[in-house]
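Everything below concerns the one structure shown next.
Both ligands and their constituent atoms are indexed starting at 1 by order of listing.
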Amino acid sequence: MRSRIGIILAAGKGTRLKSDLPKVLHPVLGKSILQRVVESLLPLDLERLILVVGHQADRVQAEVTQWQLPCPIEFVIQEPQLGTGHALMQVLPILPADTQTDVLITCGDMPLIQTERYQSLLETHLKTHATASLTTVSMKNPYGYGRIIQEDGKFLKIVEEKDASPEEKQIPWGNAGIYAVDWPVFSKYLSKLDQNNAQGEFYLTDMMGHLVKEGHAVSTVVWPSEDEILGINSRHQLAEATTILSRRTADRLMTDGVTLINPDSMALAPEIKVGADTVIYPGCYLEGQVEIGSHCEIGPQTVMRGHIQIGQTCKVVSSFLERFVQVGDRTYIGPFAHLRDNAIVGEQVRIGNFVEVKETRFGSRSNAAHLCYLGDAQIGDDVNMGAGSIIANYDPIRDLKHVTEIQDGVKIGCNSVLISPVVIKKKSSVAAGSVITEDVESGDLAIARGRQVAIPQWVNKTLSAMEQAKSSEDSSCTLPT
Ligand code: UD1
Ligand code: CA
């Protein structure tokens, strides 16, 4: 088979987003627009992948090199950015015109295109032996897109929105902005592009008209839905892309047996996995490597972002889980719990209101039902953390974190503070209101608070003394008649 190379155009500024961040680095449900584009190209097994960068090139390159991709990406710098055609001209030094290859060209601002679509474009291109193949969709509102102009039912050229006549603007056929081209023939005509248009740019789209004029075949592939070709040029389109991607995930989950109470109220990243018979209530935001077991109840109002794993038959209600969290089966979290950064929670656990868990292993059948902070701790099975108990893990003077260990079967009384590092050994107990600074031996009860003192009749004596003082004051104020 003929070799295939991919080119992604990502040098533009994205002026309409009015942002300090380069357009292609804006996130859509946890991954940047560009990362979503690159990931949809990877399964095509392209021989090389070339990325044209320009505006804030350093920042885009730095981001891309962090992704740990299975294949290297070659960068080409476009400076200044004089249009999509000009962007392609910059590739010629590393992809000379005599390279016998087909090239798939796509834009770095279209995160919704699925691999199958690229695949079908490449297949049509191969089958039709065209010099170039492009994709078009009949759009409800094609404003902003190039329009496909036909003559006698045959493709003639693409006209950009800004250059289109009022009649051309009525054409519903929009240019998706992805192309497959026979590089040796196509690239020869790049030098023919000019800037004689409303934007003063070298338009890649003009290439298609040139090829037709020169007698080359240009195929058009019609796509069924306009959702996928959404290019992100504004914050409105960024929001639209998020909605489409989330709705796509929702459809997949519902097909797989997940109940979503009002899917339009939630944001669901494509990466998330959810088991059958789980119910997700309104207002949930789930992004990243989120894996939820079956028969769970999630939400309302729950955020999971990062690497989050939830077992089977769990409840996670109105809570915030971020970065790295693992939760065992039949565990109940929330409402209003915060689990983050290596919170490893066992089975049949109860983590209740206003409990924060960080860098902590919390064993099976253990409870922290109300108002706790559990940080940098190893907590065993069958432990009860009383309401308001706190692990004081941080030494702010030396800026150090210390680890506390609470072994199996320990009961920690309400409002206790464990000053790390301490070890509370098996089946021991800490009395309510204690401040623990030393290890507690197995089976012991540790009490570390002021002993209660009773002052007999203090209240009664105080009240009568006050009354006496008041009556003598009243008589001294009586005026003579
Ligand atoms: C482009 C097409 C339009 C199509 C639409 C689909 C052109 C002239 N127009 O318009 O027909 O309907 O995409 O979304 O091609 N870029 C560069 N260098 C530049 C300019 C742009 O690399 O000098 C990159 C951008 O980063 C972006 C992509 O090319 O990823 C498309 O550029 P953009 O300015 O968004 O083009 P559109 O106006 O959307
Ligand atoms: Ca665009």
Side-chain angles (χ1 to χ4, degrees), residues 6-17 19 21-26 28 32-38 41 50-57 59-61 64 75-91 105-113 117 132 134-139 141-149 155 157-164 168-169 171-179 181 190 193-210 220 223 226-238 240-241:
I7 298 177
I8 305 174
L9 308 181
K13 182 161 189 261
T15 315
R16 287 163 277 180
L17 279 172
S19 177
L21 189 67
K23 166 163 90 168
V24 293
L25 295 190
H26 275 260
V28 182
S32 69
I33 297 170
L34 184 57
Q35 192 174 0
R36 295 210 174 276
V37 174
V38 170
L41 292 176
I50 297 167
L51 184 63
V52 182
V53 291
H55 175 69
Q56 293 198 45
R59 207 164 162 185
V60 178
Q61 274 177 270
V64 172
F75 295 99
V76 166
I77 306 282
Q78 182 197 11
E79 192 59 58
Q81 295 91 44
L82 302 177
T84 47
H86 181 253
L88 270 189
M89 293 174 197
Q90 313 314 304
V91 177
I105 303 162
T106 188
C107 300
D109 66 349
M110 298 192 302
L112 302 178
I113 298 177
R117 300 288 178 228
L134 58 92
T135 47
T136 177
V137 180
S138 174
M139 305 179 78
N141 177 15
Y143 176 80
Y145 289 80
R147 302 299 202 289
I148 305 295
I149 313 292
F155 171 79
K157 60 177 177 176
I158 300 172
V159 176
E160 291 303 299
E161 172 81 32
K162 288 192 174 132
D163 302 283
E168 287 167 336
K169 283 183 183 164
I171 295 172
W173 295 101
N175 170 32
I178 70 169
Y179 320 85
V181 303
L190 274 172
L193 289 180
D194 61 41
Q195 293 165 280
N196 300 330
N197 52 58
Q199 302 186 80
E201 290 183 353
F202 296 97
Y203 289 163
L204 158 58
T205 44
D206 281 352
M207 285 294 291
M208 303 301 148
H210 279 308
T220 49
W223 277 1
E226 68 181 277
D227 278 359
E228 268 182 68
I229 66 151
L230 180 72
I232 313 288
N233 302 309
S234 67
R235 303 274 178 172
H236 304 83
Q237 286 167 327
L238 192 60
E240 212 182 316

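- For the Ca ion (ligand 2), the nearest N, O or S atom contributed by Asp109 is named OD2.
- Counting only distance, with no hydrogens or angles, the side chain of Arg147 and the backbone of Ile171 share a donor-acceptor pair below 3.5 Å.
- Remark: the Glu240 side chain and the His236 side chain contain no N/O donor-acceptor pair separated by less than 3.5 Å.
- Taking 3.0 Å as the criterion, Asn233 counts as a coordinating residue of the Ca ion (ligand 2), since one of its N, O or S atoms falls below it.
- Residue Lys162 qualifies as open at atom NZ: its count of foreign heavy atoms under 6.0 Å is 12 or below.
- For the residue pair Glu226 / Ser138, no side-chain donor-acceptor distance below 3.5 Å is found, with atom types taken as modelled.
- Side-chain contact, Tyr179 with Asn175: a donor N or O sits under 3.5 Å from an acceptor N or O.
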Tabulated below should be the N or O atoms of ligand 1 paired with protein N or O atoms at under 3.5 Å; can you produce that?
residue: ligand 1; atom: 9 (N); partner: Glu160; partner atom: OE1; Å: 2.9
residue: ligand 1; atom: 9 (N); partner: Glu160; partner atom: OE2; Å: 3.2
residue: ligand 1; atom: 11 (O); partner: Gly146; partner atom: N; Å: 3.3
residue: ligand 1; atom: 11 (O); partner: Glu160; partner atom: OE1; Å: 3.4
residue: ligand 1; atom: 11 (O); partner: Glu160; partner atom: OE2; Å: 2.7
residue: ligand 1; atom: 11 (O); partner: Asn175; partner atom: ND2; Å: 2.9
residue: ligand 1; atom: 12 (O); partner: Gly146; partner atom: N; Å: 2.9
residue: ligand 1; atom: 12 (O); partner: Asn175; partner atom: O; Å: 2.6
residue: ligand 1; atom: 15 (O); partner: Thr84; partner atom: OG1; Å: 2.8
residue: ligand 1; atom: 18 (N); partner: Gln78; partner atom: OE1; Å: 2.7
residue: ligand 1; atom: 22 (O); partner: Ala11; partner atom: N; Å: 2.9
residue: ligand 1; atom: 23 (O); partner: Gln78; partner atom: OE1; Å: 3.4
residue: ligand 1; atom: 23 (O); partner: Gln78; partner atom: NE2; Å: 3.1
residue: ligand 1; atom: 23 (O); partner: Gly83; partner atom: N; Å: 2.8
residue: ligand 1; atom: 23 (O); partner: Gly83; partner atom: O; Å: 3.2
residue: ligand 1; atom: 26 (O); partner: Ala11; partner atom: N; Å: 3.4
residue: ligand 1; atom: 26 (O); partner: Gly12; partner atom: N; Å: 2.9
residue: ligand 1; atom: 30 (O); partner: Leu9; partner atom: O; Å: 2.8
residue: ligand 1; atom: 30 (O); partner: Gly108; partner atom: N; Å: 3.3
residue: ligand 1; atom: 35 (O); partner: Lys23; partner atom: NZ; Å: 3.2
residue: ligand 1; atom: 35 (O); partner: Asp109; partner atom: OD2; Å: 3.1
residue: ligand 1; atom: 35 (O); partner: Asn233; partner atom: OD1; Å: 3.2

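- Side-chain atoms of Ser19 and His26 include a donor-acceptor pair closer than 3.5 Å.
- Side chain to side chain, His86 and Gln81 fail the donor-acceptor criterion of an N or O pair below 3.5 Å.
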